[in-house]
Amino acid sequence: MSVSVMHLSLLPASGRTRRTARTLPLVLSGGLIGALLSVATAGPAVAADLSTTFDAVTPGFPAPGWTAAGDATVQDIAGTADRSLRLRDTSTTAPVTATASFGTTSSTVVAGFRLRASQTTATVGVHLDGASGHSVTVAMSAAGRLYSYDGATRVDLGAYSPHRWYDIRVVARPGTATADVHIDGERRAARLGFRTSATALGRLQAGVAVADTGTAYLDDVRTTVETTPAGWPQLGTVAPRTAAQIGTSNLLVGAETLDRDYTDHSAYAPYLGRLGATGVRLQGGWAKTEKTKGVYDWTWLDRIVNDATSRGVEPWMQLSYGNGVYAGGGGSGLGGQIPTSAEALAAWDAWVTAMVRRYGDRITEWEIWNEPNLAGVPAATYADFFARTAARVRAEQPGSVIYGPGEAGIDVPYTQDFLVRLSGQGKAHLLDGISYHPYNPNPDDVWTYQQVDKIRALIDRYAPGATLRQGENGAPSRPGSFGALGDLDWTELSQAKWFLRRLTHDLGQGISTTAFSISDLHYPSKINSKGLLQTNTDKSIRYAKPSYYGVQTLASVIDGTVKALPGHSFTTDSTTPLTVQGFAKRDTGRQIVGVWNGTTTPGDSTTRTPVRLTLPSGNFADPVYVDVRTGAVFDIPAADWSVSGGTHTFRNVPVYDSPVLIADRSAIRL
């Protein structure tokens with residue numbers, strides 16, 4: 001077993017950073033704990049290994065780079081192909097701890113890790129330490145409760161169960177001596193005061209309480225340092241909101257391939273509502289529902305639809321893929337052909353009718369087929385199939401909203417041929433929106449939105465009133481992923497930036513947009529790592545990736561109370577072209593403006609460049625700065641912004657290749 005450690009080698013100034021993977025033992029070098037704990041000291045954050053494990057360590061040995069007291073060794077986890085750091089305490093007088101130093105830093109530390117206890121009768125915990133001791137603690141008590149501290153006061157974080165992994169994220173801010181704690185994608189506590197005074201943090205320690213006996217496991221330690229704008233006071237982090245709390249928005253998430261069992265709904269379900277996306281794309285699964293001709297088993301889909309709606313997430317259902325129990329029934333997977341035989345088409349009609357009747361009280365949005373252009377289905381053939389299917393949907397649900405063709409890429413000729421055929425037959429009224437899947441290494445590629453504008457023009461000509469929806473898009477979190485963009489060299493950091501750039505750009509253009517996908521997908525040949533959630537080999541959730549928290553922040557800010565301001569005007573002194581997207585609160589007109597460097601494919605640097613940004617039609621009373629990827633919110637000092645009439649000028653705005661926001665403080669919840 002081995003760990004893939006990402007190393008950086010810099011190309012000439014005109015080139016981009018190249019990442020290469022190689023397998024190394026876990027070592028302590030230059031203040032970094034390679035593949036266990038990788039952070040930078042105070043100053044600009046550098047790329048770090050964001051998916052670290054103990055898998056390269058021989059079982060029974062201490063973890064390199066960690067100082068152990070007592071029985072703290074790496075062990076295999078029974079029933080899995082996984083190894084973790086085990087802390088086993090059999091004494092009530094001697095400590096069992098494992099400690100790793102990551103170098104002293106006064107910048108914000110974001111520490112992610114997984115923690116598991118073998119019992120609920122011993123206190124086990126993880127600490128971020130300053131010079132005076134434990135500054136931030138997340139622990140499991142001997143009474144079965146998770147807890148932290150607000151200064152000296154214990155703060156309850158909920159119950160825990162033995163033999164279950166908990167995905168924990170701590171955001172610790174030495175500058176304000178406060179911290180937030182997230183568990184399984186949910187923020188359980190915010191702005192907790194440090195236990196011990198510290199202006200800098202320097203190590204992480206895990207252990208079992210001296211007075212108790214018990215066993216705990218630690219894994220996937222992912223620690224990074226995030227710089228703060230000089231002289232800009234940090235106010236906290238954006239408060240995540242659930243889909244039910246948000247209500248409506250144009251930000252959606254994908255939960256595809258459940259019809260083929262490539263993901264596990266029961267595993268990711270708790271994270272779904274917490275993300276904040278208010279819609280979820282599902283695939284209907286004709287072949288999974290009708291395995292015997294004329295017999296429907298809806299059990300699997302009932303559970304998924306009911307769970308999503310209970311969490312405030314409205315499904316939009318794709319009527320897609322064929323059924324092999326019928327001759328000429330079409331393909332039942334990616335690139336599948338549509339049904340062609342009379343028997344199969346009649347069975348398709350019956351299934352569609354039954355589907356809408358069954359779920360019409362919970363689902364109003366439908367999409368007909370997936371990427372027919374990828375399957376080589378002629379546009380005219382697809383148009384006829386779309387009209388046939390849409391007519392049955394509309395007959396059962398007159399108020400239904402129907403999308404097509406869910407096309408691979410942005411295929412303008414295919415869209416035109418489809419719309420010409422549909423319009424020519426007098427069936428354009430059946431179409432409410434065009435959906436498309438624009439996979440590009442650079443999500444801000446100018447070509448992408450030029451094609452979007454061409455699609456808009458076609459809609460205006462042939463199907464006035466129809467809308468646009470970006471129906472499926474994402475980037476992998478590691479090299480060698482299945483599917484689109486899988487041949488490129490990705491990390492969890494660059495993936496997070498990609499998601500945020502695509503979604504923010506779309507939202508700024510008034511396009512409803514979908515993050516693909518909620519969790520990694522286990523295709524037969526390899527894993528598609530486009531998920532916001534990292535999975536284990538059994539499809540259970542390992543942890544929320546940085547992209548999950550970034551999308552969670554965006555969903556909480558750009559909701560249905562906000563409108564897009566396409567073409568928001570600006571000027572800048574930046575030597576690099578900037579992407580700027582504007583938004584405004586519908587009730588007050590106060591603005592939220594996203595800005596980033598969108599000239600290239602997202603990279604692994606977090607170095608920011610200060611720029612001047614002037615907004616001739618701004619509307620701010622008390623502006624703040626938000627890094628969407630981290631959720632951090634900073635006050636913009638009076639010396640760094642000014643207003644003359646409606647023109648607002650902001651100076652020293654830290655910009656990089658991930659979206660940051662200048663927002664009126666009234667639009668941001670902490």
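Note that the structure is a prediction, hence the values are computed from the model and not measured. Heavy-atom basis, side chains included; hydrogens, waters and symmetry copies ignored.
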Query raised in the report: Under 3.5 Å, side chain of Tyr382 to main-chain N/O of Glu371, donor-acceptor pair present?
Result: no
Query raised in the report: Hey, which of Val253, Val628, Leu532 is the one that makes side chain to side chain contact (heavy atoms under 4.5 Å, CB included) with Val551?
Result: Leu532
Query raised in the report: Roughly how far, to the nearest 0.5 Å, is CD1 of Ile434 from CG of Asp411?
Result: 11.0 Å
Query - Charged N-O contact under 4.0 Å between Asp349 and Arg388 - result: yes
Query raised in the report: Going from CG on Asn250 to CG on Asp559, what distance comes out if it is rounded to the nearest 0.5 angstrom?
Result: 10.5 Å
Query raised in the report: Does a salt bridge link Asp307 with Arg303, judged by any charged N lying under 4.0 Å from a carboxylate O?
Result: no
Query raised in the report: What residues, two or more places apart in sequence or in another chain, satisfy salt bridge (charged side-chain N to carboxylate O under 4.0 Å, His left out) together with Arg542?
Result: Asp82, Asp219, Asp220
Requested in this report: Identify, with sequence neighbours excluded, every residue that meets side-chain contact (heavy atoms from CB on, under 4.5 Å) alongside Ser481.
Outcome: Pro476, Asn528, Ser529
Report task. Go through the structure and list residues passing ring-ring contact (aromatic ring centres under 6.0 Å, His included) with Tyr217, not counting sequence neighbours. Result -> none
Report summary line: Sorted by chain and residue number, the side-chain hydrogen bond (donor to acceptor under 3.5 Å, both in side chains) partners of Thr278 (sequence neighbours excluded) come out as Ser249
Report task. Starting at OH of Tyr548, measure out to CD1 of Ile518 and round the result to the nearest 0.5 Å. Result -> 6.0 Å
Requested in this report: May I ask you to say whether Arg469 pairs ionically with Asp432, meaning some side-chain N is under 4.0 Å from a carboxylate O?
Outcome: no
Report summary line: Interatomic distance, CZ@Arg478 vs CD@Gln495, rounded to 0.5 Å, equals 10.0 Å
Query raised in the report: In terms of side-chain geometry, is the basic nitrogen of Arg358 or Asp302 positioned less than 4.0 Å from the acidic oxygen of its partner?
Result: yes
Query raised in the report: Under 3.5 Å, is there a donor-acceptor pair between the Asn370 and Tyr321 side chains?
Result: yes
Query raised in the report: Using a distance-only test with no angle check, is there a side-chain donor-acceptor pair under 3.5 angstrom linking Gln283 and Gln318?
Result: yes
Query raised in the report: Going from CH2 on Trp316 to OG on Ser512, what distance comes out if it is rounded to the nearest 0.5 angstrom?
Result: 7.0 Å
Requested in this report: Kindly write out the residues that satisfy salt bridge (charged side-chain N to carboxylate O under 4.0 Å, His left out) with Asp184, not counting sequence neighbours, or none if the list is empty.
Outcome: Arg164
Query raised in the report: Taking the six-membered ring for Trp, are the ring centroids of His182 and Tyr549 within less than 6.0 Å of each other?
Result: yes
Requested in this report: Indicate whether any N or O donor in one side chain lies under 3.5 Å from an N or O acceptor in the other, for Arg281 and Ser517.
Outcome: no
Query - Sidechain-backbone polar pair: Asp520 side chain, Gln534 backbone, donor-acceptor under 3.5 Å - result: no
Query - Expected output: side-chain Ser494 to main-chain Thr491 donor-acceptor under 3.5 Å - result: yes
Report task. Tell me yes or no: between the side chains of Ser477 and Glu492, is some donor less than 3.5 Å from an acceptor? Result -> no
Query raised in the report: Strictly under 6.0 Å, is that where the ring centroids of Trp165 and Tyr543 end up?
Result: no
Report task. For the pair His265 and Tyr268, name the ring-plane relationship: parallel under 30°, tilted 30 to 60°, perpendicular over 60°. Result -> perpendicular
Query raised in the report: Can you tell me if His522 and Thr535 form a side-chain donor-acceptor pair at under 3.5 Å?
Result: yes
Report task. With sequence neighbours excluded, tell me which residues meet salt bridge (charged side-chain N to carboxylate O under 4.0 Å, His left out) with Arg357. Result -> Glu396
Requested in this report: Without swapping roles, check the side chain of Thr289 against the backbone of Trp286 for a donor-acceptor pair under 3.5 Å.
Outcome: no
Query raised in the report: Under 4.0 Å between a Lys/Arg side-chain N and an Asp/Glu carboxylate O for Glu186 and Arg169?
Result: no
Report task. Output yes when a side-chain donor or acceptor of Gln397 lies under 3.5 Å from a complementary backbone atom of Ile363, and no otherwise. Result -> yes
Report task. May I ask you to check whether Trp369 and Trp348 place their ring centres under 6.0 Å from each other? Result -> yes
Query raised in the report: Is there a donor-acceptor pair under 3.5 Å between the side chain of Arg392 and the backbone N or O of Val356?
Result: no
Query raised in the report: Is a side-chain donor-acceptor pair under 3.5 Å present for Glu407 with Thr415?
Result: yes
Report task. With sequence neighbours left out, write down each residue that passes side-chain contact (heavy atoms from CB on, under 4.5 Å) with Val452, or none if nothing qualifies. Result -> Ile410, Tyr436, Tyr449, Arg456, Leu468, Ile511
Query - Between CG on residue Asp297 and OG1 on residue Thr292, distance to nearest 0.5 Å - result: 9.5 Å
Report task. Could I get the full list of side-chain contact (heavy atoms from CB on, under 4.5 Å) partners for Ala117, not counting sequence neighbours? Result -> Gln119, Val124, Met140, Tyr160
Query - All salt bridge (charged side-chain N to carboxylate O under 4.0 Å, His left out) counterparts of Arg145, not counting sequence neighbours - result: Asp156
Report task. Answer yes when Asp55 and Arg83 have at least one side-chain N-carboxylate O distance shorter than 4.0 Å, and no when they do not. Result -> no
Query raised in the report: side-chain contact (heavy atoms from CB on, under 4.5 Å) with Asp261: which residues, sequence neighbours excluded?
Result: Lys288, Lys539
Query raised in the report: side-chain hydrogen bond (donor to acceptor under 3.5 Å, both in side chains): which pairs involve residues 322-342, sequence neighbours left out?
Result: Glu290-Tyr326
Query - Donor-acceptor contact present, side-chain Trp498 to main-chain Pro441, <3.5 Å - result: yes
Query raised in the report: Does the side chain of Arg394 come under 3.5 Å of the side chain of Ser400 through a donor N or O and an acceptor N or O?
Result: yes
Query raised in the report: Going by atom types alone, do Arg187 and Gln552 pair a side-chain donor with an acceptor below 3.5 Å?
Result: no
Query raised in the report: Can you check whether Asn473's main-chain N or O pairs, donor with acceptor, with Gln470's side chain at less than 3.5 Å?
Result: yes
Requested in this report: Go through the structure and list residues passing side-chain hydrogen bond (donor to acceptor under 3.5 Å, both in side chains) with Asp538, not counting sequence neighbours.
Outcome: Ser540
